[in-house]
Number of protein chains: 2
Amino acid sequence: MSSLPHPFTPQEPSLLELGTAPEEPCLRADAARNRARLLEAAARLIAEHGVAGVTMEAVATAAKVGKGTVFRRFGDRTGLLMALLDHSGRQLQADFLGGPPPLGPGAPPLERLRAFGIAVLYRSAEQLELQLAAQPEACRRFSHPALQALRTHVTMLLRQIVPDADCELLAQTLLASLDPALIHHLTRQLGMPMERLEAAWVDLVARVTRTDPPA
Amino acid sequence: MSSLPHPFTPQEPSLLELGTAPEEPCLRADAARNRARLLEAAARLIAEHGVAGVTMEAVATAAKVGKGTVFRRFGDRTGLLMALLDHSGRQLQADFLGGPPPLGPGAPPLERLRAFGIAVLYRSAEQLELQLAAQPEACRRFSHPALQALRTHVTMLLRQIVPDADCELLAQTLLASLDPALIHHLTRQLGMPMERLEAAWVDLVARVTRTDPPA
DNA sequence: TTACGATCCGGACCAAGGTCCGTTTAACTT
DNA sequence: AAGTTAAACGGACCTTGGTCCGGATCGTAA
């Protein structure tokens, strides 16, 4: 894998200010320097050997730094990848918070929402390799036979209810809202009661299948 | 972690018929025997030490089998966990394919769809530990600050458009349909063009925000 | 400038996932 | 019953993520 041209080619001159330690108040001089070095090295490795080439040891070596330093700074491999991702993340964030319409303020909410989704869509389509590397195994869940069965079933039901819609993709969305990881996050980490999730599901189904656009 | 009672307590006597090699046509006698042994051992390990205790070597040892055998049979750790999950997966599948209404055939599609989501919801809520273990890192993505910003933004927009709805959860759903891994799956593995995704997003937004009296 | 404490660095070390290949064995043939 | 072959087995071996702690450095205060 990854012998084709990689989407992540650092053209920005000021890669050093990439992710200026958001949460950590102040970093000791050497720590900050090493952090920058590491991010630069990681970006270079990605450009040269693809995401697979970003081994913690390789990054450490390329940055002329000890392996332990990488882990102390970024926690783990995922943390490092996330830090790299943070850059474009903040870009998009700035765009819809203060940029020009229709993404930024000024346009009506509905229009902004449309533009938002499309922006995310295309941004994701670029950094796929990196995005996926930060979430190992992330795509296998979609091809799991059991899930495919669920999807087929939901698609079939949708076809009977809203024949005109893109039922495959609608089914994907519905199933995405039932993702175990999401449920875990909502109930365990955010403390939402199951009843609320249940109500939200029923409401979502109602909205999605409401079939009366009088044009 | 995982010192509390584990949700996965094998009470079923016939654990051996758990996942009877769905795709692989026929398994050699010894292979089938070892497969069963491995699944049994894995289930026991989970019950005793939680999912974290399910080390490939531990499973192999407990099943009195070589490590290589585990990998040949299940591919990797995720594969093994998936195989364990398959059981309840097939159960649910049978329920909505041939079970009694409202889940099974007999009820109107809309009602079945509602019941379906709720069933998945509660099933997921049980096997969380296992589900999550099969998708390492799966829940970290939700707490990532960049994603939180997106969510806040979408929630805010939704509040302006459909103030009566549960906008937080609606936002979660919308964002879930923009998940990078999902986009990758749809475009790369299923070959859908971006234009279709874009259209689906616009349609989804329209459906979700359609604000006409259901009553 | 010196002294000192907090912070950081480095790389040896460990555990666990994943690979490889020579050996064994089940299933089928004659 | 013996032979043949494709498949399965086992466990040594490699890689890589992650931990640990003695020693080096930075920032600061005197």
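Every chain is numbered from 1 and lettered A, B, ... according to where its sequence line falls, protein lines coming before strand lines. Bear in mind that the values here come from a model prediction, so they are computed numbers and not experimental data.
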Applied to residues 185-194 of chain A, the side chain to side chain donor-acceptor pair (under 3.5 Å) test, sequence neighbours excluded, yields A:His185-A:Gln189
Tell me whether the side-chain N/O atoms of A:Asn34 come closer than 4.0 Å to OP1 or OP2 in C:dC8. no
For D:dA8 and B:Thr69 - does any side-chain N or O of the residue sit under 4.0 Å from the phosphate oxygens OP1/OP2? no
[X]: partners by side chain to side chain contact (heavy atoms under 4.5 Å, CB included), with sequence neighbours left out:
| X | value |
| --- | --- |
| A:Ala125 | B:Met194 |
| A:Phe71 | A:Met56, A:Lys67 |
| B:Pro100 | none |
| A:Arg123 | A:Ser88, A:Leu92, A:Gln127, A:Gln131 |

Rounded off to whole Å, could you give me the [atom1]-to-[atom2] distance for the [X] and [N] pair?
| X | N | atom1 | atom2 | result |
| --- | --- | --- | --- | --- |
| A:Arg73 | C:dG10 | CZ | C1' | 14 Å |
| B:Leu38 | D:dA8 | CG | P | 13 Å |
| B:Arg37 | D:dG10 | CZ | P | 8 Å |

Would you be so kind as to tabulate the donor-acceptor pairs closer than 3.5 Å made by side chains of residues 171-183 of chain A, with sequence neighbours excluded?
unit_1	atom_1	unit_2	atom_2	d
A:Thr173	OG1	A:Leu169	O	3.3
A:Ser177	OG	A:Leu174	O	2.7
A:Asp179	OD2	A:Ala181	N	3.2
A:Asp179	OD2	A:Leu182	N	3.2
A:Asp179	OD2	B:Arg141	NH2	3.2

Which side-chain N or O atoms in residues 149-159 of chain A pair as donor and acceptor under 3.5 Å with protein atoms at least two apart or in another chain?
unit_1	atom_1	unit_2	atom_2	d
A:Arg151	NH2	A:Phe142	O	3.0
A:Thr152	OG1	A:Gln148	O	2.8
A:His153	NE2	B:Arg112	NH2	3.3
A:Thr155	OG1	A:Arg151	O	2.7
A:Arg159	NH2	A:Glu168	OE2	2.9

Electrostatic pair A:Arg37-A:Glu40, nearest N-O below 4.0 angstrom: no
Contact list (N/O, under 3.5 angstrom) for nucleotides 13-17 of chain D vs protein:
unit_1	atom_1	unit_2	atom_2	d
D:dG17	OP2	A:Met56	N	3.1
D:dG17	N7	A:Lys67	NZ	3.3
D:dG17	O6	A:Lys67	NZ	3.4

How does protein reach along nucleotides 23-30 of chain D, written 5' to 3' as B (base within reach of a heavy atom under 4.0 Å), S (only sugar-phosphate), or - (no contact)? --BBS---
Whichever of A:Gly66 and B:Thr78 has its nearest DNA chain C nucleotide further upstream toward 5': A:Gly66
For B:Val65 and B:Glu137, take the nucleotide of DNA chain D holding the closest heavy atom to each; which residue's nucleotide lies nearer the 5' end? B:Val65
